[in-house]
Amino acid sequence: MCGIVGIVGTSAVNQRIYDALTVLQHRGQDAAGIATSSEGELYTRKGAGLVRDVFSKDDMLELKGHLGIGHVRYPTAGCDSASEAQPFYVNAPYGICLAHNGNLTNATELAEILTREDRRHLNTTSDSEVLLNVFASELQRVGTARITPADVFAALAAVYRRCRGGYAVVAMLIGHGVLGFRDPNGIRPLVLGERRTPKGSEWMLASESVALDSLSFRFVRDIAPGEAVFIDEHGRLHTQQCVAAQRHTPCIFEYVYFARPDSKIDNISVYRARMRMGDRLADKMLRERPAHDIDVVIPIPDTSRTSALQLAQRLGVKYREGFIKNRYIGRTFIMPGQEQREKSVRRKLNAIDLEFRGKNVLLVDDSIVRGTTSAQIIELAREAGAAKVYFASAAPPVRFPNVYGIDMPATSELVASGRSVEEVARLIGADWLIYQDLDDLIAACKHEDARIEEFDTSCFSGEYVTGDVTPEYLARLQLARSDEAKRARGQRKLKVVHGA
């Protein structure tokens, strides 16, 4: 999962892109990058680390121009090098920079075709570079000396025919404008905002509406599935439906975990969705154990707070903040490598023992993926003196990999894969474990004004909405995503560095 932003302004955009990326930092902490353009010149800065660490004052002064794009990355399979920080750039045609959130399910086949038939060179294994080169190749075919919005949309129609998967993209065409487009299923989010100034309208594209809010841009709308918007360098907005929208199925994990609660995605409030998750989960608990003995509900900060508070109110049980979080440790789910994730848990959370001692506590988390973090948190609760430790997940069991841009582990590393709820409870050390039902999660995320009838629930259901995910593809993913494979890649890099 990554965060993307693009701005066409009436004045310098460097600081505003930086600020937007800090707001979207929760979507990726591995690398960051900004590209801007002024009078046909390209200016870029990118590197590994948090936004605040990648850009110095001197870097910011060099990022000139009134249009630009930015990206924060968390690494998906095969994308764990600083050289693969985005935006990516190709100099032909016209000069194009591109930043991408998502995953192409046919990236391997596309890379072979690009090399063999399109005669294009790929420097990395990133599917974002593949997507950039597909677009560049198609634009080369239709473009003229001075491209028009019609040229851009014609090239994108071909991109949609060639590329499969879930993706939201911002791209900058040097000296021409900024482009944004979204996959035909609308799996990955992309929103459009506008700000009126005395010099004219400024436009902004971003992964989440909260980035618009932070820069005082008015939310205009979500980009539709299969739609592209092109804002030329003079601030004129052009839009086109480049491919017929298919099933509109936004990723439900955005509402469970990734998005900030103050965002709206496809006209659905993330905060309200999480409140309804808490209500639905509480109702299930009351059905299963109407005479429960829970003394206190404690959230695992931060994502589960909204659901946990609502759940406690519905149960009529006290809500307490039992864990204090060190905010200088990254989100464990998106940390590369199990060893790094395990080491971070105790550094990140500290229990307030007076909230645990002698009590039957219900810990609430947004989801359970590998289970190792949950097990360590339950252990922390017991060490703090809890009499019993119950565990509730606001999401259903994660049994399948996500192939649309979330680097969930290999199937063999998902704790719920092939196991019953009781078996998972024993593995993580919970006295009672309860998961949200999938139907309840879907109902919690639906909203009558959103007109969203279904979601991508593939990591819970194993149903992949693009219809092209085969057992062979999942087997390749297993090889690429397992922690063992990641360690092997790291060891190969060390050998190269040390000349071994």
Side-chain angles (χ1 to χ4, degrees), residues 1-4 6 28 30-31 33 35 44 46 69 71 73-143 152 155-173 179-185 187-188 190 226 228 242-243 401-407 464 466 468-470 472-474 476-477 479-481 489:
M1 189 65 60
C2 301
I4 57 175
D30 182 65
T44 63
K46 58 182 182 177
I69 62 174
H71 185 267
R73 184 191 81 184
Y74 102 72
T76 50
C79 184
D80 48 12
S81 166
S83 66
E84 296 181 11
Q86 297 183 40
F88 284 113
Y89 170 74
V90 291
N91 64 357
Y94 313 109
I96 307 170
C97 285
L98 180 143
H100 163 226
N101 171 33
N103 183 55
L104 299 184
T105 54
N106 64 334
T108 301
E109 301 94 310
L110 285 172
E112 293 172 357
I113 294 170
L114 284 168
T115 303
R116 185 179 66 250
E117 298 180 12
D118 294 47
R119 300 292 191 266
R120 302 194 71 89
H121 175 71
L122 300 176
N123 290 310
T124 72
T125 59
S126 171
D127 63 335
S128 302
E129 190 187 14
V130 169
L131 182 53
L132 168 60
N133 277 274
V134 170
F135 175 55
S137 180
E138 295 299 336
L139 193 60
Q140 186 84 56
R141 291 188 174 98
V142 301
V152 174
L156 277 180
V159 170
Y160 278 115
R161 287 194 297 271
R162 296 178 66 176
C163 297
R164 299 195 302 270
Y167 48 88
V169 177
V170 291
M172 180 172 64
L173 283 68
L179 167 70
F181 59 98
R182 194 178 181 192
D183 68 80
N185 291 97
I187 298 172
R188 301 269 67 90
L190 188 64
C242 293
V243 65
N402 183 291
V403 303
Y404 302 124
I406 300 177
D407 192 27
Y464 296 95
T466 54
D468 62 337
V469 178
T470 64
E472 292 75 20
Y473 178 85
L474 293 175
R476 291 200 304 270
L477 208 64
L479 291 174
R481 285 189 175 179
R489 285 198 297 272

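One is the number of the first residue; the rest follow in order along the sequence.
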Between [X] and [Y], what is the shortest heavy-atom contact and its length?
X	Y	answer
Gly166	His100	O-NE2, 4.2 Å
Leu122	Ala111	CD1-CB, 3.7 Å
Gly165	Asp183	O-CB, 3.7 Å
Cys2	Asn101	N-OD1, 3.0 Å
Gly6	Val170	N-CG1, 4.2 Å
Arg141	Arg162	NH1-NH1, 3.9 Å

Backbone N/O of [Y] and side chain of [X]: donor-acceptor pair under 3.5 Å:
X	Y	value
Arg188	Arg182	no
Glu129	Asn123	yes
Lys46	Ala31	no

Atom pair [atom1]/[atom2] of [X] and [Y] - distance to nearest 0.5 Å:
X	Y	atom1	atom2	answer
Glu138	Tyr160	CD	OH	13.5 Å
Arg164	Glu109	CZ	CD	6.0 Å
Leu132	Thr124	CG	OG1	9.5 Å
Leu98	Met172	CG	CE	10.5 Å
Arg476	Leu479	CZ	CG	9.5 Å
Leu114	Asn133	CG	CG	5.5 Å

Any side-chain heavy atom of [X] sitting closer than 4.5 Å to one from [Y]?
X	Y	result
Pro93	Val90	no
Val134	Leu104	no
Ser137	Arg120	yes
Leu190	Ile4	yes
Tyr89	Thr44	no

- Query: Without hydrogens or angle criteria, can the side chains of Glu84 and Ser126 be said to hold a donor-acceptor pair below 3.5 Å?
  - Reply: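 No, because no side-chain N or O of Glu84 sits under 3.5 Å from a partner of the opposite role on Ser126.
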
- Item | Between Tyr404 and Thr466: side-chain donor-acceptor atoms closer than 3.5 Å |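 Judged by distance alone, the side chains do pair up.
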
- Query: Angle class for the Phe135/Phe181 ring planes (parallel below 30°, perpendicular above 60°, tilted otherwise)?
  - Reply: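 Ring orientation, 0 to 90° scale: tilted.
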
- Message: Go through it in stages, so that I can follow the logic: the residues are Leu474 and Val403, the test is side-chain contact (heavy atoms from CB on, under 4.5 Å), and I'd like the CA-CA distance, side-chain angles, deciding distance and then a yes or no.
- Response: CA-CA 8 Å; Leu474 293 175; Val403 303; 4.0 Å; yes

